[in-house]
Amino acid sequence: IMAPFSMPWGFNIWAITPEERGKHDKQFDSLTPTLGYVSGDQARKFFLQSGLPSSVLAEIWALADMGRDGKMDRLEFSIAMKLIKLQLQGQPLPSSLPSIMKQTPVPVMPSAAHFGMGSMPNLSVMPVMPMLTPMPLAVPPMMPGALPMPLIPDSLSMPALPNGTATLLAPTPAVPLSTGLSKSHSLLDLASSSSNSSSTTSLASNSPKTGASDWAVPQSSRLKYRQQFNSLDKLMSGYLSGALVTLADIDRDGQLRAEEFILAMHLVDMAKTGHPLPLSLPADLVPPSFSAVSSIFHALSHFLSLFLSVSFEDKLKENFQKGSMELEKRRVALQEEQRREEERRQQREREEQERREREARELALRRQREEERRMEMQREMERQKEEERLKELERQELNLLTGRCPRIFLYILYNNSLSRCVACSGAGVSDVKQSVCSKDLSCRKLKEQLDALERETTAKLCEMERYTRDMKELRERQSQQQTVLEQLSRVKAEKVKELQRRRQEQEEKRRREEEEARHLLKDEAVKGNKIINRRSLTLIFALALQVDESTVREPGWLYGHYEGKSGWFPESYAEKNNKDQADPTAAHSHTTVPPAVALCDWTANTESHLGFSKDDIITVLEQQENWWYGELRENRGWFPKTHVSMMTTNNTHTDPESGDLTFRAEDVVLVTEKEGEWWRGSIGDKSGLFPSNYVKPKDSDVCLNRCSPSSFLSEIAQVIAACITTTPEQLSLTTGQLILILHKNSCGWWLGELQARGKKRQKGWFNSSNIKLLHLQNRTLPLCQVIAMYDYKAASEDEMSFLKGQLINVFNKDDSDWWKGELNGVTGLFPTNYIKMTTESDPSQQWCADLLSLDSMSSEERKRQGYIHELIHTEHTYLQDLELVLEVFYKPMTESGRLTEAEMGVIFVNWRELIMCNTKLLKALRVRKKTAGERMPVQMIGDILSSELAHMQAYIRFCSCQLNAAALLQQKTDASPDFKLFLKKIATNYRCKGMPLSSFLLKPMQRITRYPLLIRNILENTPAGHADQANLQEALDRAEELCSQVNEGVREKENSDRLEWIQNHVQCEGVIEHLVFNSLTNCLGPRKLLHSGRVWKTKSSRELWAFLFSDFLLLTYTAKQFSSSTDKLFSPKSNTMYKMYKTPVFLNEVLVKMPSDPSSDDPIFHISHIDRVYTLKADSISERTTWVQRIKAASEHFIETEKLKREKAYQARSQKTSGIGRLLVTVQEAVELKPCKPNGKSNPYCELSMGAQCYTSRPQNDTVNPKWNFNCQFFIKDLYQDVLCITIFERDQFSPDDFLGRTEVPVATIKKDQEGKGPLTRRLLLHEVPTGEVRVRLDLQLYEQGPLL
């Protein structure tokens, strides 16, 4: 009985089969290796096609790259591919590379049992196969009736891979065979390699029957080699170890058993006889003991190949995955090719740039060497000439002294001459050096002069080109004007002809009428048997005549005169004017009607109308209810009274009845009651009725005077005699009170305002005999202004009192200890040790602490820097005062609830907008100061002032509403003692310095009037030709224009009041939820209400209320109506609320059209806006015409403004310049910008400027990390003065863009950092904002200067 034996039987998954190696080699060759290696980039792209993460591929690379050289040979590539395959199958990577993977794969040898086997019909595969560990293959029990068969030895191993034994691995423990085989890819590899191998590389014959007679080793050789084996196996272990033969070691256990030894010796004999050894062991050389294992292996392989057949869906999925991988591979390859091409292009550009720079340096060096060589040759020639001259002098002296002097004397003389020669030679060399230095200096000067001449020439050429363009434009404009003038001349000639024709017709008509009258008189004279020779008057309708009733007349005729003419006229042609009518208007008809001034142009529609132009003076002859009859340039006719305004005349109004008020021209009347055409008023102690057309409003002029910057120059009077009022219109006076004179009347009664600190200022009449003038109207402008450091109380009558922090105007500095000044209308002396300058010291030295820097500057420059510092310092102080009002006054007043929200709006108006305007100005000034360096001179400031003053229209609204705010505050203070005590309490804050809220409300007016003074001081100390002079002049013009606009703002109060009414009565939603109507637009200045009214939708007949602003059209509908009657728009008593009907329509995006049939009586019109069309119906045809015309005009103005803005920026960029270089800027992106929207996002865009050159990028919507990639270029004029300014703004459609940060980079800094490095990429921190930075790419290119020959 044979005892069974065992041998290991399993697969090593880490081994690489020859088939796999062949595939790997083909893939390796497809990558076009270089010198037997593939690079890391090539392998990386190929490995990425597997879809594994980059981290896993990095681990595989670390295991496979055995040489650690960053590249792979065939073996390393095959190892990496094997690891990728196992990783895709779910097999974890080993901690270190298995040694079996490093061996070269060889063909698989067939295995057989150590003894013969039959066909084994009863051998079946186990239903359950253990995983993860090698287990012996159990032999199933024999079937009944079957022949006995030997057991399979448990030590038998299955050589699936020729490199060694392999363990059958799977990720799970023992599972059924179906599951294990599906998850074990090693078995798949085994089956595939067995089925695809060639006959020479197959494991064994396909026949499972292999007997001992099939072994190809001869029997004699077996016996001989068995004896040798037995002699060598002295330990009787059954195997030999040591040097082994690969083909003979069938079971790959590293040891040779007897049959393996015999086979090895047989192969040695074959090699000795010259027979080639096979790559794999043929089946006939496999020992019989191993054939049983081979048959079992083939059966198992066949079973696995049948079991693991792939379905059609799996193949389809696999093909799809392969196609995707191929597309991804091509995409990656294309991207890589593009990247390499871009790198090659950049490399070529860098090489070309370096080559040009190198050639330029070599050329400069070569020229320098040539210049040095030439100078050296020149010096050598001069030295030779000098030596020859010295030798000639020596020869002459020797010739003179030869034969007459002793030898010793000649020797001494020779030595002396030689010394002199040496001295002269040294002097000559020094002269030559001095000459060279002087010539170099002259060359430099000439070069500088040449450069200056070239720049001047270029500038002149540019100026000539500009003049040429201007001349061309002027010629074109002249030709156009000439054409228009010719057309006007033709029209005028036609009008003159028409007028002459009409005059002839009128003359003919009048002549016929006179002829008829003459015939009529002749007939009547014949009937009365007498002839009367009389002169007749030509009458005009509604003409007033004076009739002399005492003149003897004929029946039916009257004698009268008018305008110096007299004559007879028929009595039936006129009617008597009743003088006894009680109607005031009839009484007034006998008085001389003052002339009227035309408010606008009006064209006569009929012959009875009178046409006129704006500002024409019309003589009013008759006044009806709505139409007046007048005369203008010998033409008479009717005209509407709404188109004219009455003028104040020099006529004296007398009182035909008791109770009327008499006054003279230019007198001021205090109106107490208005009723119809007759008003009630008073002048001093007289009161009564007077016609309203004899006066014009005076309050607007007073308001303007109060708001003007020079209001402090008005006359001030002091009461010298007390007086008690007799009427409410008069002022009660107390001795010592101050009165502001508002107007002087000729009757001795003056109109004034009491100046009482802390009390309501009353206006009224007073007698001029009770006061004395302080003669302030003739004083000069203050010398300067100072700030009180401490409280001071006057000790005598000629002194003045003041509180700490108050600003005093100084008018006299004759005494160094006591100055004369003015404060709140009071003039007096004050001690100089109680005050300080507005800049705390001399403004010319406050800005700098370096005395050496001050000494190196001119006096004018020191003053200029001092005034610049004063501007920045006072701007900082003013902004602190504005913010103080919000913190100390606004917040407590809001929280206390003593005032309504509307009342708070009246008092503080747009205080936050003022803070925003001055914050932007101060931030820009600070950035400029920070860029120049702390306590260092600031060269350019006019550009900032000019830019920011253009956006300070918020002051117009505030100053125009300031009087209303002061009146409401005074009213509340007088009406509520509690409120007065509350204001006094919160004003005790130490930061207020004892000033009440009313004083702070005056600061915006004081500041806006101070800008022209500060800018003028800077401009006066700026030398002519300075780079900042033009900008300062523009800033001064804008500051003065702003002051004028502030004064004009009073007259625009109606527009402001209507916008405030809309703010309170229109409920906004969506994009305009936070819109402030009475504010600045984005690019059109202050928003204006152009038209408003009621319209209807054509289809639904829905009633809408439309409001046309200067920048958009808003359609609303009635939401709430608290009264039964329909309230009028803009009525203060209106309680109607309106809601937004549609999103506002911007006027630069609309097109308004009339209906196709304009003659239709239906007043409809169409408004087209992008993708919507509104068909609306107006009240009437005239109203429709008004809507269409005003929408068209506003739209054209909007579009033209944007066009001019773009053209201005384009002209500034495209203008040719004679600069020294250019700066290429790419704004790539910005990160972490300040959010402006409620959703935490912004619509940012960037603005780049350098002087007048300016570029603006497109806005990025809803982001705080915009990526612009915006390119632009600037021409450099001065390397050390030009500064690149980058400002980030938030795009706002309804208001000025919000400030998101600003940074500046001097061009000199860019040149220093870029020296020899090429373009720079910088991350610049944005200033004056809490967060944000911008990334830019800077490339400075200076033009090459030609060498001086």
Side-chain angles (χ1 to χ4, degrees), residues 886 890 893-894 899-917 951-969 1001 1004 1049-1094 1104-1123 1126-1147 1194 1238 1292-1296 1298:
L886 287 182
Y890 182 84
M893 292 172 66
T894 304
L899 296 177
T900 64
E901 185 177 355
E903 291 172 340
M904 292 290 290
V906 172
I907 293 176
F908 294 98
V909 199
N910 58 342
W911 197 268
R912 295 184 185 275
E913 290 188 17
L914 303 185
I915 295 178
M916 183 180 67
C917 293
H951 300 90
M952 285 195 174
Q953 282 79 8
Y955 281 88
I956 301 175
R957 179 190 174 198
F958 179 84
C959 294
S960 62
C961 300
Q962 189 175 11
L963 293 177
N964 294 340
L968 177 61
L969 188 63
L1001 294 179
V1050 179
R1051 287 189 287 269
E1052 303 218 351
K1053 191 65 172 60
E1054 180 183 3
N1055 179 72
S1056 178
D1057 291 342
R1058 290 191 173 188
L1059 292 177
E1060 293 294 341
W1061 188 93
I1062 295 174
Q1063 190 74 48
N1064 297 327
H1065 289 77
V1066 175
Q1067 300 176 359
C1068 300
E1069 299 174 353
V1071 294
I1072 63 170
E1073 181 178 0
H1074 305 285
L1075 171 63
V1076 179
F1077 288 96
N1078 197 1
S1079 63
L1080 297 176
T1081 61
N1082 186 271
C1083 62
L1084 297 176
R1087 183 172 288 107
K1088 296 182 180 180
L1089 179 65
L1090 304 180
H1091 195 55
S1092 60
R1094 181 172 54 182
L1104 299 176
W1105 294 89
F1107 299 93
L1108 177 63
F1109 301 95
S1110 54
D1111 54 343
F1112 65 91
L1113 173 66
L1114 179 62
L1115 297 176
T1116 64
Y1117 62 92
T1118 305
K1120 297 179 182 179
Q1121 189 168 345
F1122 300 99
S1123 60
T1126 303
D1127 294 336
K1128 293 183 179 180
L1129 284 178
F1130 313 117
S1131 173
K1133 300 180 181 180
S1134 174
N1135 295 322
T1136 306
M1137 298 299 296
Y1138 303 88
K1139 276 191 175 182
M1140 183 177 67
Y1141 173 66
K1142 290 290 185 180
T1143 306
V1145 179
F1146 285 96
L1147 297 183
D1292 194 331
Q1293 293 179 318
F1294 297 97
S1295 61
D1298 195 9

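We use all heavy atoms of the structure for the numbers below, so side chains are in, but hydrogens, waters and symmetry mates are not. What you see is a predicted model, and the numbers here were worked out from it, not measured in a lab.
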Which of these passes side chain to side chain donor-acceptor pair (under 3.5 Å) with Asn1078: Arg1058, Glu1060, Glu913?
Glu1060
Could you check, using the six-membered ring where one of them is a Trp, whether Tyr1138 and Tyr1117 have ring centers closer than 6.0 angstrom?
no
Side-chain (His1065) to main-chain (Ser1134) donor-acceptor, under 3.5 angstrom
yes
Check: Ile907 and Leu968 side chains under 4.5 Å, non-hydrogen atoms:
yes
Could you go through Leu1147 and Asp1111, starting from their C-alpha distance and side-chain angles, then the distance that decides it, and tell me whether this counts as side chain to side chain contact (heavy atoms under 4.5 Å, CB included)?
CA-CA 6 Å; Leu1147 297 183; Asp1111 54 343; 5.8 Å; no
So which atom in Leu899 and which in Met893 form the shortest heavy-atom distance, rounded to 0.1 Å?
CD1-CE, 3.5 Å
Would you confirm whether the ring centroid of Phe1294 sits within less than 6.0 angstrom of the ring centroid of Phe1112?
yes
Could you check Arg957 against Val1076 for side chain to side chain contact (heavy atoms under 4.5 Å, CB included), going step by step and ending with a plain yes or no?
CA-CA 12 Å; Arg957 179 190 174 198; Val1076 179; 4.3 Å; yes
Do you know the tightest heavy-atom contact between Ser1110 and Pro1086?
OG-O, 4.2 Å
Working to the nearest 0.5 Å, report the span between CG of Leu1080 and CE of Met952.
11.0 Å
Non-hydrogen atoms of Met1140 and Thr1116 that approach each other most closely
CA-CG2, 4.2 Å
Any side-chain donor near an acceptor of the partner, Ser1092 and Trp1105, under 3.5 Å
no
Are the side chains of Leu1114 and Phe1077 in touch, meaning some heavy atoms are under 4.5 Å apart?
yes
In sequence, state the C-alpha distance, the side-chain angles, and the governing distance for Cys917 and His951, and then conclude on side chain to side chain contact (heavy atoms under 4.5 Å, CB included).
CA-CA 7 Å; Cys917 293; His951 300 90; 5.8 Å; no
Less than 4.5 Å apart, any side-chain heavy atom of Lys1088 and any of Thr1081?
no
In short, Leu1090 meets Phe1109 closest at the heavy-atom pair CD1-O, 3.7 Å
Non-hydrogen side-chain atoms of Leu1104 and Arg1094 separated by less than 4.5 Å
no
Is there a donor-acceptor pair under 3.5 Å between the side chain of Gln953 and the backbone N or O of Gly1085?
no
Which heavy atom in Leu1108 sits nearest to a heavy atom in Leu1089, and how many Å separate them?
O-CD1, 3.5 Å
At their closest point, which heavy atom of Pro1296 faces which heavy atom of Asp1292, and how far apart are they?
O-CB, 4.1 Å
Aromatic contact, Tyr890 with Trp911 (centres under 6.0 Å)
no
Show, in sequence, the C-alpha distance, side-chain angles and deciding distance for Leu969 and Leu1001, and conclude whether the side chain to side chain contact (heavy atoms under 4.5 Å, CB included) test is met.
CA-CA 11 Å; Leu969 188 63; Leu1001 294 179; 4.1 Å; yes
Would you please indicate if the ring centroids of Tyr955 and Phe958 are separated by under 6.0 Å?
no
Just how far is it from atom OG of Ser1079 to atom CG of Leu1059, taken to the nearest 0.5 Å?
8.5 Å
